[in-house]
There are 4 protein chains.
Amino acid sequence: MSDKTDATTTVGGVSGERLKSYIERIERLEEEKNGIADDITDIYTESKGFGFEPKIIRQIVRLRKMEADARAEADALLETYRAAVGV
Amino acid sequence: MSDKTDATTTVGGVSGERLKSYIERIERLEEEKNGIADDITDIYTESKGFGFEPKIIRQIVRLRKMEADARAEADALLETYRAAVGV
Amino acid sequence: MSDKTDATTTVGGVSGERLKSYIERIERLEEEKNGIADDITDIYTESKGFGFEPKIIRQIVRLRKMEADARAEADALLETYRAAVGV
Amino acid sequence: MSDKTDATTTVGGVSGERLKSYIERIERLEEEKNGIADDITDIYTESKGFGFEPKIIRQIVRLRKMEADARAEADALLETYRAAVGV
DNA sequence: ATTGCGGTTTTTGCCC
DNA sequence: GGGCAAAAACCGCAAT
C-alpha cells in the first residue's frame, strides 16, 4: 500500500470498500435465506411428528408450484401473442 | 365422506385442515426465500455494473463461509473438550 | 510398466481397457445427442422462415412440457397416496 | 372460427396446422434427446459400480472434447489459409 | 456405509 | 458481447 492510502481507497482499480460492502450484504442475505430454509425444515419435521410424510408434503408443494408456474407461463404466452398481434 | 365429519376432521387418517396449514406455511416461507435469493441476484447484478465479476465474488463469499465454518467447528471442538474435562 | 503387460491390463488397480470403453460409449452418445440438438435448431430456423417466431414456439413447447410434468407429478402423488394407504 | 375456414388454414396470419407440426417434431426430438441423456447417465452409474468416479470420467470426456475441438479449429484455420493463398 | 434424490449453483448456448 | 433461458454438474441430506 502506498502512503496516504487507507483501506477505503481504490487499490489497483478496485474499490476495496465497495467490494467489502457488497460481500457483507450478500452474506447477510445468505444468512437470512438459510434461516428461512431452516424454518422450512422445522415445519417438515414438525409435520412428521403428526404423521405427515415429508415426502408427500414435498410432492404436494412441488405440484402446486408446477401448476402455478404453468399458469404464469400461459399468461406470459398470451402476452407474447398480444404483443405480436398488436394488442 | 362419512357422516358427522366436517372438513377439519381426520379423513382416512389425514387431518386435511392441519395439512393445509403446513403446506401454506411452507409455501409462504419458500416465497420469502425466493425473494431473498432475488435480492442476492440483484446485488451481484449491481456489483457487475461496477466491474466486479460475480464469479469472483461468489468465490470470495464461499471462501469466507468455509473459514467461518472451520472456526465454528474448532470452537465446538474446544467446547467439547472443556465439557469433557469439566471446564 | 512391468514386463508382459499390455495396454489392456489392469494398471494400478485401474482397468484401462474398460475405462476406455466407457469413455467411448459416452462420447458416441454425446455426439448423437448433439446431432439431435442440431436437428431441433434446424426446425426452429426453418419455422422462422415461415414466419413463426422461435421465441413463441419455445414458449409453447415450454408450456406444454410444464403441463405434462404437472400431470406426471399429480399421477406420482396419487401413487404415493395409494402406497401410503395400502392400495 | 370464421366461416369457410378449416383447421389447416391460416388464422390471423398463423397456419395452425404447420405450427402444430413444428411443435410436435420438436417435442419428439426433445424426447429422443432426453432418452440419450438418460443412457449417458446409465453409463456413468454402471461405471461407478466398477469403481470409476463419474466426476473423473466427466473430466476426461470434457478434456478430450476440448482437444478435439482445438484440433478441428486448427484444421479450419489451416483450410482458411489454404483457400486464401489458393492451395 | 452407500446410494438415490432434491436442490442449488455453475456452465453453456441463443438470441438480440 | 451481454443478458436470458436451458442444461449440466456438484453437493448435502436422508433413507435404507
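Naming: A, B, ... by sequence-line order, numbering from 1 per chain.
Considering only heavy atoms from C-beta on, D/Ile23 stays 4.5 Å or farther from D/Lys20 through its side chain. D/Asn34 places none of its side-chain heavy atoms less than 4.5 Å from the side chain of D/Glu31. Taking 4.5 Å as the limit, every side-chain heavy atom of C/Ile43 sits out of range of all side-chain heavy atoms of C/Ile57. Contact of the B/Val61 side chain with the B/Tyr44 side chain is registered, since non-hydrogen atoms from C-beta on lie closer than 4.5 Å.
Summarising the geometry, the separation between OH on C/Tyr44 and P on E/dC16 is reported as 13 Å, rounded to the nearest angstrom. Atom C1' of nucleotide F/dA5 and atom CE of C/Met66 are separated by 11 Å, given to the nearest angstrom. Between the P atom of F/dA6 and the CD atom of D/Glu27 lies a distance of 14 Å, rounded to the nearest Å. Rounded to whole Å, the distance from CD1 on A/Ile60 to P on E/dG6 is 15 Å. Rounded to whole Å, the distance from NZ on D/Lys65 to P on E/dT11 is 16 Å. Note: CD1 (A/Ile56) to C1' (F/dA14) measures 16 Å, nearest angstrom. In this entry the distance linking CD1 of C/Ile40 with P of F/dA7 reads 8 Å, nearest Å. Computed from coordinates, the A/Asp42 CG to F/dC13 P distance equals 14 Å when rounded to whole Å.
Each of A/Lys48 and D/Pro54 has a nearest nucleotide on DNA chain F; the 5'-most of these lies closest to D/Pro54. Residues C/Glu53 and D/Thr45 each lie close to DNA chain E; by heavy-atom proximity, the contact nearer the 5' end of the strand is made by D/Thr45. Place A/Glu30 and C/Thr41 on DNA chain E by their nearest nucleotides, and A/Glu30 ends up nearer the 5' end.
Looking at heavy-atom distances under 4.0 Å, B/Lys33 makes contact with sugar-phosphate atoms alone, never a base. Among the atoms of the strands shown, none is found under 4.0 Å from any heavy atom of A/Lys55.
Ring geometry, D/Phe52 versus C/Tyr22: the interplanar angle exceeds 60°, so the pair is classed perpendicular (tilted spans 30 to 60°).
The side chain of B/Arg58 contributes an N or O atom lying less than 4.0 Å from OP1 or OP2 of E/dT10. At the phosphate of F/dA9, neither OP1 nor OP2 sits under 4.0 Å from any side-chain N or O atom of D/Arg62.
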